[in-house]
Amino acid sequence: MIDTILDVTLLAFIAVTAIAILRLRNLFAIIMLFGIFSLLSAGLFVVLDAADVAFTEAAVGAGISTVLLLATLALTKEHEEKIPSHRPWLPLLVVLVTGAALIYGTLDIAPFGSASAPAQTHVAPLYLEQGMAQTGVPNVVTGVLASYRGFDTLGEVTVIFTAGIAVLLLIGGRRRENQTRKEKE
Amino acid sequence: MMFTVAMLAILITMGLALARALLGPTVYDRIAAVNMFGTKTVLLIAVFAFLSGRTDLLDIAIIYALINFIGVIAVLKLVEQGNFHTDGNNDKADTK
């Protein structure tokens with residue numbers, strides 16, 4: 001019973017936060033709400049027994065993203081320009097149709113946690129049985145990420161590395177300008 | 001039963017903190033609300049760990065507390081100084 005209350009309350013909070021993010025025009029408040037949104041998602045992930053995903057969400061979503069967005073905000077204006085009001089009927093229609101299609105798609109999904117779901121019967125049993133022998137990593141998730149999907153992880157790390165360099169160039173560039181200005185003075 | 005009541009109380013407190021983050025007129029109201037919300041998330045995970053018997057989640061709750069602390073420090077530094085690269089000893093007028 002308490003699990004249901006917890007799920008419903010957290011999802012309701014997430015919906016309220018998301019709508020508030022859409023409505024607000026104060027960018028600082030929006031970044032703060034993004035932090036709350038991440039914390040709520042992390043809480044939901046913990047309730048869904050995905051502790052490692054929750055940890056990543058809290059570290060990246062609530063921690064680093066907030067700091068990066070605030071550093072960007074320091075370089076720009078604090079208020080978003082008022083967009084001229086227009087009729088959002090076409091976007092609304094597209095969103096509703098897409099949402100309906102997605103909900104229709106969920107009807108065929110196997111029940112949550114079902115052992116006979118396709119995701120559970122493909123290669124997962126092989127990983128669980130032979131993971132330790134083949135990779136020598138005690139944690140199955142780490143074994144899959146670092147060994148079975150090694151190339152995939154390498155690609156992800158490359159993307160994150162490139163993004164990190166780009167962000168450092170954008171946000172750190174200002175510092176060099178300041179230093180050179182001080183040196184000139 | 002005790003954990004259920006505690007969980008409900010935490011959820012109500014989360015709702016109040018969320019309301020402050022949405023309404024809060026000043027910057028500091030919102031920062032305090034986010035800090036509060038982070039603390040409540042830590043408590044939520046801790047209580048949920050005992051509620052569901054998975055006490056290993058406590059480690060994650062502790063790490064959340066650390067991230068929350070560092071995040072709030074970073075936000076306050078930015079609000080105070082307007083950037084991240086001055087060390088805080090400079091005059092405010094000098095950095096602007």
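By convention in this document, chain letters (A, B, ...) are assigned in the order of the sequence lines, proteins followed by strands, and residues within each chain are numbered from 1.
Using a 4.5 Å heavy-atom cutoff, the side chains of B/Val75 and A/Met32 are in contact. Within the 4.5 Å cutoff, no side-chain heavy atoms of A/Phe34 are placed close to those of B/Val34.
Contacts with chain B were tallied for A/Val47, A/Ile31, A/Ile5, A/Ile64; A/Val47 has the most, counting heavy-atom pairs under 4.5 Å. Most heavy-atom pairs under 4.5 Å with chain A: of the set B/Ile60, B/Thr4, B/Leu57, B/Leu18, this distinction falls to B/Leu18. The residue among B/Asp29, B/Ile63, B/Ile10 with the most heavy atom pairs within less than 4.5 Å of chain A is B/Ile63. Chain A forms more heavy-atom pairs under 4.5 Å with one residue of B/Ile70, B/Leu22, B/Leu11 than with any other, namely B/Leu11.
With a threshold of 4.5 angstrom between heavy atoms, B/Phe37 approaches chain A through its backbone and through its side chain. Looking at A/Leu10, the atoms closer than 4.5 Å to chain B (heavy atoms on both sides) all sit in the side chain, from C-beta outward. Residue contact with chain B, scored on non-hydrogen atoms closer than 4.5 Å, is absent for A/Ala12. Contact of B/Leu66 with chain A is not made at all, since no heavy-atom distance falls under 4.5 Å.
Taken together through direct or relayed side-chain contacts under 4.5 Å among Ile, Leu, Val, Met, Phe, Trp and Tyr, A/Leu90 and A/Leu22 form parts of separate hydrophobic clusters. Hydrophobic clustering places A/Leu6 together with B/Val42 (ILVMFWY residues linked when any side-chain heavy atoms are closer than 4.5 Å, directly or through intermediates). Following chains of ILVMFWY side-chain contacts shorter than 4.5 Å, one cannot reach A/Phe161 starting from A/Leu154, and the two form parts of different hydrophobic clusters. B/Leu16 and B/Leu8 fall into different hydrophobic clusters, where Ile, Leu, Val, Met, Phe, Trp and Tyr side chains are chained together by heavy-atom contacts under 4.5 Å. Note: the hydrophobic cluster containing A/Phe151 does not contain A/Tyr148 (ILVMFWY, side chain heavy atoms under 4.5 Å, direct or indirect links).
Distance check, rounded to the nearest 0.5 Å: CE of B/Met14 to CZ of A/Phe13 gives 7.0 Å. A distance of 10.0 Å separates CE of B/Met7 from OG1 of A/Thr9, quoted to the nearest 0.5 Å.
More than 12 heavy atoms of other residues, nucleotides or ligands lie within 6.0 Å of CZ in B/Phe3, so this atom counts as buried by the packing criterion.
Shortest non-hydrogen contact noted between B/Ala21 and A/Ile36 is CB-CD1, 3.5 Å. Listed here is the closest heavy atom pair of A/Ala42 and B/Tyr64: CB-OH, 3.1 Å.
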Let me see the working for A/Asp3 and B/Phe48 under side chain to side chain contact (heavy atoms under 4.5 Å, CB included), right down to the final yes or no.
CA-CA 9 Å; A/Asp3 277 6; B/Phe48 183 77; 3.9 Å; yes

